[in-house]
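Numbers restart at 1 for each chain; the letters A, B, ... are given by sequence-line order, proteins then strands.
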Amino acid sequence: MPELPEVETIKNGILDVKGKKVTQIYTSDKKLRFPSALNLQDLKDLEIKDIRRRARYLIISLSNNKSLIIHLGMSGKISLTDKFNKEKHDHFATQFNDDSWLIYNDARRFGFVDLIHSSDVENHKMLKNLGPEPLGNEFNEKYLKESLKNKGSNIKTTMMDNKIVVGIGNIYINESLFDAKISPLKAAKELSKTEITRLISSAKTIIQSAIDQGGSSISDYVKASGEMGNFQNTFKVYGRGDKKNPEKCLICKDNIKKIVQNGRSTFYCSNCQK
DNA sequence: AGACGTACCTGACCGC
DNA sequence: TGCGGTCAGGTACGTC
């Protein structure tokens, strides 16, 4: 999916629906990630009170003290448009009192939508065990040092664990480790204090920079407006380690390597990242 | 507790 | 052109 910067960008792109009232709802009969008893028709006539993001979840609070929780999975897209021409993989759409439409489309259906009481959001099964936001103050050197101390597995996989820090997926961990000059193969518990400091700093800088550029568009991610993000143009390692035709590290000119860790592709420079 | 494999899905792309 | 294999922004769950 969209990682944190993409979800943040989508959230910012739909803030306009705040204060609007739902007039019509479309739902498909396809199951998303979880089959749920959710009846989106319950949204009719409700007003959108607030829209926020926690980790990769969008939380939309409604005027009846309920909230929609939306996760985009790997391929989910949200668009805000003037009209609704139903397309393949559109799973729900709501029309507002100014005739605009909010549409959720997800080809792979790894995403989900849930509707719960607003007071239960923090205790939702998918939200209650999440670690800190990468851009927040709680994600600091002391916290990360403590979190990594018993982790014998590699730092790359460990940092993608949402209990440690949320929203950092395969793209941004590859870029963050390159920026911090840390090998993705290094055991998490073996990172020195200065490496932990560098990793935090790199992750925060890269996530913020990606948000500033509207996220990364590879394959099918687009903003709510349909425009592409721009951060993909600044990738230094992600996607640059093609086996047959690897690109060169911008710093040392060695070939960028592509390996597989816990089933996910890792891109790195073995010369710069120790 | 931690580590690892697997499952959930569709579509794009590559090699034959 | 078609077919099979592989890969893709994520996450929960089962098992060792």
Just to be sure I understand the rule, does [X] reach a base, reach only the sugar-phosphate, or reach nothing, if contact means heavy atoms closer than 4.0 Å?
| X | result |
| --- | --- |
| A:Gly152 | sugar-phosphate |
| A:Lys88 | sugar-phosphate |
| A:Lys189 | nothing |
| A:Asp106 | nothing |

**Pair A:Ser176, A:Ser202: side-chain N/O donor-acceptor within cut-off below 3.5 Å** =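 Judged by distance alone, the side chains do not pair up.
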So which nucleotide from [options] ends up closest to the side chain of [X]?
| X | options | value |
| --- | --- | --- |
| A:Arg109 | C:dG10, B:dG11, B:dC9 | B:dC9 |
| A:Glu3 | B:dT10, C:dT11, C:dG10 | C:dG10 |
| A:Ser153 | B:dC9, B:dC4, C:dG10 | B:dC4 |

**Asked** Ring-on-base stacking between A:Phe110 and B:dC8, under 5.5 Å between centres and under 30° between planes: is it there?
**Response** yes
**Request:** Check whether any side-chain N or O of A:Asp120 sits under 3.5 Å from a backbone N or O of A:Asn123 as a donor-acceptor pair, and report yes or no.
**Result:** no
**Request:** Determine whether any donor atom in the side chain of A:Arg56 lies under 3.5 Å from an acceptor atom in the base of C:dT11, or the reverse, and answer yes or no.
**Result:**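 It does not, because no donor-acceptor pair links the side chain of A:Arg56 to the base of C:dT11 below 3.5 Å.
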How long is the line joining [atom1] of [X] and [atom2] of [N], in whole Å?
| X | N | atom1 | atom2 | value |
| --- | --- | --- | --- | --- |
| A:Asp161 | C:dG10 | CG | C1' | 12 Å |
| A:His124 | C:dT11 | NE2 | C1' | 13 Å |
| A:Lys31 | B:dT10 | NZ | P | 14 Å |
| A:Met160 | B:dC4 | CE | C1' | 14 Å |
| A:Leu130 | C:dT11 | CG | C1' | 11 Å |
| A:His71 | B:dC9 | NE2 | C1' | 15 Å |
| A:Ile155 | B:dG2 | CD1 | P | 14 Å |
| A:Leu148 | B:dA3 | CG | P | 11 Å |

**Asked** Can the ring centres of A:Phe235 and A:Phe178 be said to be less than 6.0 Å apart?
**Response** no
**Item:** DNA chain B: 5'-proximal contact among A:Lys151 and A:Lys244 (nearest heavy atom)
**Value:**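 The 5'-side residue here is A:Lys151.
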Any side-chain N or O of [X] below 4.0 angstrom from OP1/OP2 of [N]?
| X | N | result |
| --- | --- | --- |
| A:His89 | B:dT10 | no |
| A:Lys125 | C:dC13 | yes |
| A:Asn162 | C:dT11 | yes |

**Request:** Look at A:Lys236 together with A:Asp179 and state whether they make a salt bridge at an N to O cut-off of under 4.0 Å.
**Result:** no
**Prompt:** Is any side-chain N of the basic residue among A:Glu195 and A:Lys181 closer than 4.0 Å to the acidic one's carboxylate O?
**Reply:**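 Looking at A:Glu195 and A:Lys181, the cut-off is not met.
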**Co-members of the apolar cluster containing A:Val222 [side chain, <4.5 Å]** =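 Besides A:Val222, the hydrophobic cluster comprises A:Met228, listed by chain and residue number.
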Below 3.5 Å between N/O atoms, which protein atoms pair up with nucleotides 5-8 of chain C? Just atom names and distances, please.
| unit_1 | atom_1 | unit_2 | atom_2 | d |
| --- | --- | --- | --- | --- |
| C:dA8 | OP1 | A:Ser265 | OG | 2.3 |
| C:dA8 | N3 | A:Arg108 | NH1 | 3.2 |

**Item:** Interatomic distance, A:Thr9 atom OG1 to A:Lys11 atom NZ [nearest 0.5 angstrom]
**Value:** 9.5 Å
**Item:** Pairing partner of C:dG4 (Watson-Crick or G-U wobble, both distances under 3.5 Å)
**Value:**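 Paired with C:dG4, as far as the under-3.5 Å criterion goes, is B:dC14.
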**Message:** salt bridge (charged side-chain N to carboxylate O under 4.0 Å, His left out), that's the test. Do A:Asp242 and A:Lys258 meet it? Break it down for me.
**Reply:** CA-CA 7 Å; A:Asp242 184 275; A:Lys258 178 180 180 180; over 6 Å; no
